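Because the structure is a prediction, the values reported are computed rather than measured.
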Amino acid sequence: MRIAVDPWEDDNGDLYVPGFVYTEIEARRWEIGTRNPQVIPSLRPLTVQK
C-alpha cells in the first residue's frame, strides 16, 4: 500500500515536505506452481451525463 503524506508544520515551525510511505498489508508468501492470472483491462466511466 502506498500512503501519501501531505506537507505539514510541527510545533517548532519546521516544515516537512510531502512524500509517500510504503507498507505491506499482508505478509508475502511463496507460491510454487501457480500461473499468472490473465489480466483483462477494462475502462469504466466515472460519471455518465445525458
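Relative to the six-membered ring of Y22, R2 misses at least one condition, a distance below 6.0 Å or an angle of at most 45° to the axis.
Two different hydrophobic clusters hold V17 and V5 under the rule that ILVMFWY side chains link at heavy-atom gaps under 4.5 Å.
Listed by first and then second residue, the side-chain hydrogen bond (donor to acceptor under 3.5 Å, both in side chains) pairs involving residues 7-21 are D10-Y16 (not counting sequence neighbours).
For CD1 of I25, the number of neighbouring non-hydrogen atoms (other residues, nucleotides, ligands) closer than 6.0 Å is greater than 12.
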